[in-house]
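Below is one structure; the comments refer to it alone.
The structure displayed is predicted, hence computed values, not measured ones. As the structure lists them, so they are numbered: ligands from 1, and atoms in each ligand from 1.
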Amino acid sequence: MKRMDERSGIREIKGIGEKAEKIFQKAGIRTIGDLLHYYPRGYEVYEAPVSVGEVEEGHTMTVSGAIYGRVQVAGSPKMQITTLYVKDLTGTLKVIWYRMPFLRNTLARGGVITLRGRIVRKKDGLVMEHPEIFYPSAKYEQKRDSLQPVYPLTAGLTNNAVQKAVRQAMDNMELGEGILPKSVRDSFGLAEYAEAVRGIHFPEQREEFYHARKRLVFEEFLLFILSLRMTKEQEDKVLNPYCFREQEAIGQFLQKLPFELTGAQKSVWREIRQDMTGIHVMSRLVQGDVGSGKTIVALLAMMFAGLNGCQAAMMAPTEVLARQHFENIRGMLSEYEIPLQAELLTGSMTAKEKREAYARIASGEADLIIGTHALIQEKAEYQKLALVVTDEQHRFGVKQREALAGKGLYPHILVMSATPIPRTLAIILYGDLDISVMKELPRNRLPIKNCVVDTGYRGKAYAFMKKQIQAGRQCYIICPMVEESEHLDAENVADYTQIIREAMGRGISVACLHGKMKQAEKDDIMEAFAKNEIQVLVSTTVIEVGIDVPNAAVIMIENSERFGLAQLHQLRGRVGRGKHQSYCIFMSASRSEETRERLEILNKSNDGFFIAGEDLRLRGPGDLFGIRQSGIMDFRLGDVFQDAEILRSASEAAKALLDEDPPLIKPENEPLKKMLEQRLSTSALETTL
Ligand code: ADP
Ligand code: MG
């Protein structure tokens, strides 16, 4: 009996009771439909075991060997570490698990064991960290060469539980046709819905996965483009309700700045002024490579609105960035005696602080408001919001942008992005915006010097950093990531920081920054780093967006092979922001030809647009198994760079659909229309969570 459908609650699944339901809900899974679209973030391929002598740092590998000596448990009660040694003819490997003291009993029998885990470098050499256990070893043979889905997990949710639930759901329901009209499926050679769902969760071969993924990515892009087109229809050509005059104070401000605007900054500022004084409200995207000086352009636009008696708001994707913009802007307003008040509004402020900020925003006392998502919360009411700026837009969806715009009466919209998406793609993704490009860097910059090295170079790299620090500079180190769990991530950064501390020696202050830290703690560290009280900042990719510390001159990126080119370029953009010669060290444990070729592109070029183009060219279908994502706009499966071809097809399909049946009322388009309506009606706030 097929009795479930996509709208059924997940309690319908056998084995999911009240408690499990709560856990699934935390991961956003409420219905069977949510479950089916809870896609794996990768697949494990259980390849042949290697010998102990062959293990390589930075890789996930399988080793088969004899349990050697006794299993030991040490560490603090909160963080017990279980240690085991496995031995084969080529050597002995240390293996550790976190918080699993019971393994001591399980593994006490000794004998042959197979372990699959990541090889990392610890103080005492190469170690296999937190591996999956196959004991007895025959259990591994059953999984050999199969693709096993790996789901994104939250506390309490196990991979096994998700896998089981998905299987049961698929066995107990008719999947139906999905939302794509057959004509579209046929013209673009896309998989049937049922085929796609099965293939994304449980592909038997790679081809099946590619085929499934292509359909689902296409669907995701198509919905995005259609909803963009449909909202655009309503908002096309809104008349400019503001009557702004030229402001002398801005000219004076520019005169007093210690630098001259670049040609690109000047021309974008001219465009913005024309937009804001034109017949229609502005909707403009400014694409400027990292370090091209977007903030000052945004500030000019905000001052323009402020001096004309209105408010301007700027939304940044992280608290750290919002605070940095705020401090920066407040400082400039006071230094250059601009009679405007800056206000900060972020989620981590105390209730009292927020209340006071809300009051100043509502009364109009605050002119330029800088913040995070908190800016679009219900309680934030503006007196006269005439300009909305979103910084590093790729982190925000169209919905958030619109929600902020909804706080005013047709405000001007300015979107800043450091992501050099090729123009053809930008037109598809930002169809509703005019696009300006800032290709020029400020003249005082020296090009960043790059090098790609293997892990044997580490000692030299540390010595180089020490020398730079002695010369007064600061350094970033981007830490190896472990995606398996956030907890391990934090563990790794802490461990690694200790290693760096020892390598740097006395007198050099080393601190670490990772996603699991409390906001206040992160802010303190960033502030101390900005003041050069900290010389080396070891961090996960949380520093990726927008941080501006011009005195930082070296960035070393560990495991660079695990990042997309675009992301590496963003990371590198944290240095080379001042007058000092800056350096970027790409550290890579991988010896593959492909990795070398990719990193070589960064080595050769500091031009984001060129890099993005090369990234597109180099990415083959084989890349889809990696976890690398460009991180541009949060699509669930699709990746704007990687899936550029699918994006183009989806755009073509959207155009054809709307040309032929603009209101999408034909029967075959009905499921699509329904889905769109559902999406457009979900409140903007929901999507921010
Ligand atoms: P991004 O475009 O990456 O957001 P920022 O706006 O943070 O870059 O600017 C990077 C740094 O360059 C800042 O310290 C800023 O003060 C400085 N800067 C901006 N414009 C110029 C310019 N025309 N000449 C020199 N320095 C500039
Ligand atoms: Mg910026």
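Interface of T295 with ligand 1, defined as ligand atoms under 4.0 Å from a residue heavy atom, comprises 4 (O), 5 (P), 6 (O), 7 (O). Residue V290 has at least one heavy-atom neighbour below 4.0 Å for each of these atoms of ligand 1: 3 (O). When each atom of ligand 1 is checked for a heavy atom of T262 under 4.0 Å away, the hits are 23 (N). Residue S292 has at least one heavy-atom neighbour below 4.0 Å for each of these atoms of ligand 1: 2 (O). Every atom of ligand 1 with a heavy atom of L261 under 4.0 Å away is listed here by number and element: 23 (N).
Counting heavy atoms closer than 4.0 Å to ligand 1, residue Q265 contributes side-chain atoms (C-beta onward) but none from N, CA, C or O. Only the side chain of D548 comes within 4.0 Å of ligand 1, counting heavy atoms alone; its backbone N, CA, C and O stay farther away. Contact annotation: for K579 versus ligand 1, there are no heavy atoms closer than 4.0 Å.
Checked by atom type and distance alone, the side chain of N606 pairs as donor or acceptor with a backbone atom of I448 at under 3.5 Å. With R572 contributing its side chain and Y583 its backbone, the two residues share no donor-acceptor pair below 3.5 Å.
Within the structure, the closest approach of G288 to ligand 1 does not fall below 4.0 Å when heavy atoms are considered. Residue M416 places no heavy atom under 4.0 Å from ligand 1.
In this structure, E335 does not pair ionically with K256, as no charged nitrogen and carboxylate oxygen lie closer than 4.0 Å. The existence of a salt bridge linking E246 and R273 is confirmed by a sub-4.0 Å separation between a basic side-chain nitrogen and an acidic carboxylate oxygen. A salt bridge does not link E327 with R323: every distance from a Lys NZ or Arg NE/NH1/NH2 to an Asp or Glu carboxylate oxygen is 4.0 Å or more.
Partner of D289 under the side chain to side chain donor-acceptor pair (under 3.5 Å) criterion, out of K294, H569, K439: H569 alone.
Between F304 and W269, the ring planes are perpendicular. Angles over 60° get that label, and only those under 30° would be called parallel.
The heavy atom nearest to atom 10 (C) of ligand 1, out of those in M438, E260, R443, R577, is found in R577.
D391 is listed as a side-chain neighbour of H325, based on a closest heavy-atom distance under 4.5 Å.
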